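Okay, structure first, notes after.
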Amino acid sequence: SKSYSPIKLLESSLDGKSVWIRGRLHTSRFKGKTGFFVIRHQHYSVQCVLSVGSAVSRQMMKFAASVSKESIVDVAGVLRKVDSPVAACSQQEVELHTTEIWCVSAAEPRLPLQVEDAMRPNQQQASLATAGQEIKLDNRVIDLRTPTNQAVFRLEAEVCRLFRDTLAAESFVEIHTPKIISAASEGGANVFEVTYFKSKAYLAQSPQLYKQMAIAGDFDRVFTIGSVFRAEDSNTHRHLTEFIGLDLEMAFLSHYHEVLDTLGRLFVAIFKGLQASCADLISTVCKQYPAEPFEFLEPTLRLEFPEAVRMLREAGAEQGDFDDLSTPNEKLLGRLVKAKYKTDFYILDKFPLAARPFYTMPDPARPGYSNSYDFFMRGEEILSGAQRIHDPALLVERAQGFGIDTAKMQSYVDCFKYGCPPHAGGGIGLERVTMLFLGLDNIRKTSLFPRDPKRLTP
Ligand code: ATP
Ligand code: AMO
C-alpha cells in the first residue's frame, strides 16, 4: 500500500523525494503540455506541476484536466525546491512534479459555492466574487473547507479543551445536565416548548438550576459543556437560538471573590493556551479577517459597576445608576477600558440587583447592588455569573418578585432546605469567546451549523 505524506510537512528539506499526497483539487490551470494545480488539505496546500513527457502521457494530462474542483485526489510525484515562494499555497518552498493522479471521490462539476469565493477577504476587488454569508451558510459543508473555517473550529475546540483541562486541574467535576426540563430555569418566556408524550416540556435555556443542585449534592466544584436553547427573536451579530454554554459552579468558603479569582485565572489560562498552541490558526484566520491581536492583563482587571457608570457619563453617555448596560454602552465601555487599561478583557462586578435573575445574591452591604458580575471581551459580554441565594425563604421571595411560580421548580427550592454551601458560578458563551478572541464580526462564523430565528438548516 502507498504511504502518504501530509501536505503540511512538505518542505525544502525533502527536495528530490518521491511522495504520495491526498487532498482536494483546489484550483487547476492547464495549457498545452503543462498544467499547474493546487492540492488542498484542511488549511494546507501545495502546488503540483504536470508536464507531458517521459513520465506523463497525453492521456494522463487529459484526465487530470478533466478532474473537477473539490474532487479528492491522490497525487504521486517528486518534490522540487522552488526559488521564489509559491504565493497561493501554504507550502511555499516546494512543488510536486507529478507523475500520477487518481481521482478517489469526484465532486460535481458545478458546485453551489466555490471554496475560492468563500475564502476571499470581505473587501476585495469588485471583479472577484466574494460569497455572502447566507450563501456560505446555506452551503456550510463546502464553506467549512476554507482555511479560515478549518482554523476557527480547531481553535474553538482548543477553547473547550483548555476550559475542561484547567478546571479539572482545579478539582472541578464534569457533569451533564438535562436539556429537557419541566419548567423554565431562568424565568422569562424565552423557552422552546416541546411535546413530551401527553404533556409539555421545555428545552433548557441554561443548566443553572442543575449545576446549583449538584453543589447541594456535595460536588463542590462542577462544570458542564452543552447546548443551551433560547427562544429569543434576536437577529443580531451575537445571538443564536442554540449555543454552546460553558458553565461552572463552585462552593466557596468566605467570599464569592474566591470564585471570581478562579474565573479570572481560567480565562488567563485559556488565552495563554490559545496564544501558545494556536499561533498558526490565528494567523490563518487573520489572512481572511484581519484583526488586532487580543490583549489581556494578568491578573484580570476588575472594575465595579459604579465605576463603569462614572466612566460612561464622563464620556458623555447616558447611563442610569441601576440600569443594565445597553449594547452601545457596553461597546463604549470596552473602548474606554481599552484606552485606559490596555486590555480587551475585564470583569465588571457588582451589577444592579434589578438587572439580574431571581437567584442572584443581593449585596448585603450595598442596597440596590448584587454579588454578580459579567466578563467582557472587546467590549462584548461573554460571561454572566453571580453568587446565588442559598436561603430558601429569600429565594422564594425574590422569585415571586419576578412573577415566577416556584411551585414549578420545587425540587430546586427544596435543595436549599436541606443545607447547601454558599456558592457562585458563571455561564460562558463558547461561540462568543471564539468570535471575540479572533476579532470576528458575527457569531455565525464561530458556530459550526448556526441556529438563529431565520435558520434551521443545514
Ligand atoms: P444576557 O442573556 O446575559 O443578558 P446577552 O448578551 O444575550 O446576555 P441580552 O440581554 O440578550 O444580553 O441583550 C443584551 C443587549 O442586546 C441588550 O441591550 C439588548 O437590547 C440587545 N439586544 C438583544 N436582542 C436584540 C435584537 N434583536 N436587536 C437589537 N438588540 C438586541
Ligand atoms: P446568560 O443568559 O447571560 O446567563 O448567558 C451566559 C452567557 O451565554 C452567552 N449567551 C449567548 N450566546 C449566544 N447566543 C445567545 N442568544 C446567548 N445568550 C447568552 C453569553 C452570556 O454571557 N444562568 C446564567 C449564567 C450563570 O449565572 O451562571 C446565564 O445563562 O456569552
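For this chain, numbers begin at 1 and follow the sequence in order. Remember, it's 1-based here, ligands and their atoms both numbered in the order they're listed. Keep in mind the model is a prediction, meaning the values are calculated, not measured.
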Checklist entry - Where does R388 meet ligand 2, judged by heavy-atom distances below 4.0 Å: at the side chain, the backbone, both, or neither? => result side chain
Checklist entry - Which is closest to atom 18 (N) of ligand 2 in terms of heavy atoms, E381, R230, Q205? => result R230
Next on the checklist: Does only the side chain of Q208 get under 4.0 Å from ligand 2, or the backbone, or both, or neither? Count heavy atoms.
Outcome noted: side chain
Item to check | Stacked cation flag R356 on F351, 6.0 angstrom / 45 deg | outcome: yes
Checklist entry - By number and element, which atoms of ligand 2 are closer than 4.0 Å to a non-hydrogen atom of S206? => result 23 (N), 30 (O)
Checklist entry - In terms of atom number and element, which parts of ligand 2 are under 4.0 angstrom from non-hydrogen atoms of K211? => result 26 (C), 28 (O)
Checklist entry - Side chains of I175 and F223: closer than 4.5 Å at any heavy-atom pair? => result no
Item to check | side-chain contact (heavy atoms from CB on, under 4.5 Å) between Y289 and D441, intermediate numbers included | outcome: CA-CA 9 Å; Y289 302 120; D441 61 2; over 6 Å; no
Checklist entry - Does R238 come within less than 4.0 Å of ligand 2, judged by its heavy atoms? => result yes
Checklist entry - Under 6.0 Å between ring centres, would you say that holds for F345 and F267? => result yes
Item to check | Any G426 heavy atom less than 4.0 Å to ligand 2 | outcome: yes
Checklist entry - Mind checking whether D344 and M377 have side chains closer than 4.5 Å, heavy atoms only? => result no
Next on the checklist: Taking the side chain as everything from C-beta on, heavy atoms only, tell me whether S45 gets closer than 4.5 Å to H26.
Outcome noted: no
Checklist entry - So is I382 polar-close to ligand 2, meaning N/O to N/O under 3.5 Å? => result yes
Checklist outcome for this item: Logged contact type for S384 with ligand 2, heavy-atom cut-off 4.0 Å, is both
Next on the checklist: Strictly distance-based, threshold 3.5 Å: is any side-chain N or O of R388 a donor or acceptor partner for the main-chain N or O of Y359?
Outcome noted: no
Checklist outcome for this item: Closest to atom 13 (C) of ligand 2 by heavy-atom distance, out of F243, Y373, Y359, is F243
Item to check | Location of contacts on F375 toward ligand 2, heavy atoms closer than 4.0 Å | outcome: neither
Checklist entry - Looking at G385, which atoms of ligand 2 are within less than 4.0 Å of one of its heavy atoms? => result 27 (O)
Checklist entry - Looking only at heavy atoms, is any part of I443 under 4.0 Å from ligand 2, and if so is it the side chain, the backbone, or both, or is it neither? => result side chain
Item to check | Validation row: Q150, T284 side chains within 4.5 angstrom (heavy atoms) | outcome: no
Checklist outcome for this item: Looking at P207, G427, P450, the heavy atom closest to atom 6 (C) of ligand 2 belongs to G427
